[in-house]
Amino acid sequence: MKRLSIALGRIGATLLAICLSLGILLLIPQASIGIPINGAEQLEPMSYSILTPLGPQATLTPETTLKMEFRTNSTLTVYLVNLPTEDIPKNLTSDKLRIFLKDKAGNVLLEKKIAEKETIEYTPAGMVRTTLILLNEESQTASAAWSMEILASIAPKARLAEAIIYLSPVGMVLAGQWIFIEIQERKRKSLS
Amino acid sequence: MEKPKGKPFLEILAASIHEDFRFPILEVFAFLYAISTFVLVQIGGGYTLSIAGSEESLAYSLVSIQMGTPLFIFLILIFKNVAYGFGSDLEKGTIQTLLAYPIKRHMILTAKMLSAIGISLAMFLGIQFFALYLIAPQTVANHMPIVITAYLASLSYPLLITAIMLLIAMKVRKGGTALVLGIVLYFAISMASGILTILYIFTGNATPLKILAIIQPSTALQFHYTQIGTLISQGQIETWTPSFSEALTYIAGGYCLVAAAYLISYYYFSRRLNI
């Protein structure tokens, strides 16, 4: 029983040591790679615009995050798709575009409605080609200004934080019982 | 009443783990493994982004960049446990206590190695795969055979060094001396590997690299994914680009060497070591 407690306690302490290292990594800020790209679009009602934030041939790797900032006077839907630009039809109606994206659901990395000012960050889980689609489904013309930059980080912060959230309680419970038993044992020894 | 057969083995294993990983050695090394794994990927991040042509080569470069420093930390832990720890056991006579157990000598050595190498390896691989799944889960899941091959190729050399260090520790029977000789051996092989690579780059002859790939199979895999040219005109001399199956052959060859080295160590400990 004592050995099992020690073994579990050591595993817990190891998990806490890993969480500590991940916590330190979380404190390291992201770095911007290259120059931020800016642009503006006028979107007719029920129309869309295709953007290639990294250029038509470029790919996004898991160590990088695509940060996108939008300003619009209307409500737009932003799609980030893992498809080369040439594979996306250019003159569809908004309904047909939705059907096309439904067919390619596996390639849609992100779908988000934006209004006024929004910042979206996307970190891929693998190597992806990123093409951005801005869809205006409103009845009036929308204008949108955007800015994009690529950020390099130690590891995706959201995933690091998630790992800490799950691992640290387990580590604390396992290490805690070990410390508790050790204290009890010392008390017993000092009394005898 | 007959004693259960596994008990002495477990007793020796528990004692060895207690000796090899006194608090906070395990925790400090886990911390170092985790932090160096992520920091190294960041340093190589830009490199990966610019050179990785396909997701397959991205998976390979991610693993090889991520493994660099943690593999060195793994070697330090092995040096401490095998060369210093086992050498000290022989020097101080602690090994005699273990030999008093009703268990065969090769089982004693297995318990010692399970503690010294097994736990270090499990911790190293556990943190590596955890980091890979945090950084690029999709790439890792899609190319698991490449990831496993890259680890197999890279671990062959440290395991060979460990087997040689084990033999040295048994021969010299002194922890400190075995540690120094182990470090000297590691740097000697590293220098030899550098000289052989330079020879290839300067002469265009791939034979030195092929010799190196037997001891360090990761070289073959590295040259399979990243073509490193020679200083000789590309028109006259072809660069060495082993196929994937050729790289696998080198890995198999490397593990044959590792197995042979461990077999010699086991034979020496079981039959030749007079204590």
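Not measured: the values here are computed from a predicted model. In what follows, chains carry the letters A, B, and so on, assigned in the order in which the sequence lines appear, proteins first and then strands, with residues in each chain numbered from 1.
Contact check for A/L109 versus A/P124: no side-chain heavy atoms found under the 4.5 Å cut-off.
By the 30° and 60° cut-offs, the orientation of the rings of B/F269 relative to B/F86 is tilted.
Checked against the 6.0 Å centroid threshold, A/Y48 and A/Y79 do not count as a close aromatic pair.
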Atom pairs and distances, donor-acceptor, side-chain atoms in residues 30-38 of chain A, under 3.5 Å, two or more places apart:
{"unit_1": "A/S32", "atom_1": "OG", "unit_2": "A/E149", "atom_2": "OE1", "d": "2.8"}
{"unit_1": "A/N38", "atom_1": "OD1", "unit_2": "A/S147", "atom_2": "OG", "d": "3.2"}

Which side-chain N or O atoms in residues 17-32 of chain B pair as donor and acceptor under 3.5 Å with protein atoms at least two apart or in another chain?
{"unit_1": "B/E19", "atom_1": "OE1", "unit_2": "B/R22", "atom_2": "NH2", "d": "3.3"}
{"unit_1": "B/D20", "atom_1": "OD2", "unit_2": "B/S115", "atom_2": "OG", "d": "2.7"}
{"unit_1": "B/E27", "atom_1": "OE1", "unit_2": "A/R10", "atom_2": "NH2", "d": "3.2"}
{"unit_1": "B/E27", "atom_1": "OE2", "unit_2": "A/R10", "atom_2": "NE", "d": "2.9"}

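With chain A as the partner, the residue from B/A34, B/A131, B/P137 showing the most heavy-atom pairs under 4.5 Å is B/P137. Chain B forms more heavy-atom pairs under 4.5 Å with one residue of A/G126, A/A7, A/C19 than with any other, namely A/G126. Heavy-atom pairs under 4.5 Å with chain B peak, among A/P156, A/A163, A/A17, at A/A17.
With a 4.5 Å cut-off on non-hydrogen atoms, B/A14 touches chain A through its side chain but not through its backbone. For A/I6, no part sits under 4.5 Å from any heavy atom of chain B, backbone or side chain. Within the 4.5 angstrom heavy-atom criterion, only side-chain atoms of A/L167, from C-beta onward, approach chain B. With a threshold of 4.5 angstrom between heavy atoms, A/L25 approaches chain B through side-chain atoms but not through N, CA, C or O.
Between the side chains of B/E56 and B/Y225, a donor-acceptor pair is found at a separation under 3.5 Å.
Residues of residues 71-80 of chain B lying within less than 4.5 angstrom of chain A, judged on heavy atoms, are absent.
With a 6.0 Å radius and a threshold of 12 heavy atoms from other residues, nucleotides or ligands, A/K90 has its NZ atom above the threshold.
Judged as a salt bridge (Lys or Arg N to Asp or Glu O under 4.0 Å), the pairs with a partner in residues 111-138 of chain B (not counting sequence neighbours) are, in order, B/D89-B/K112.
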Legend entry - side-chain contact (heavy atoms from CB on, under 4.5 Å) evaluation trace for B/Q222 with B/Y60: CA-CA 9 Å; B/Q222 184 195 348; B/Y60 170 74; 3.4 Å; yes

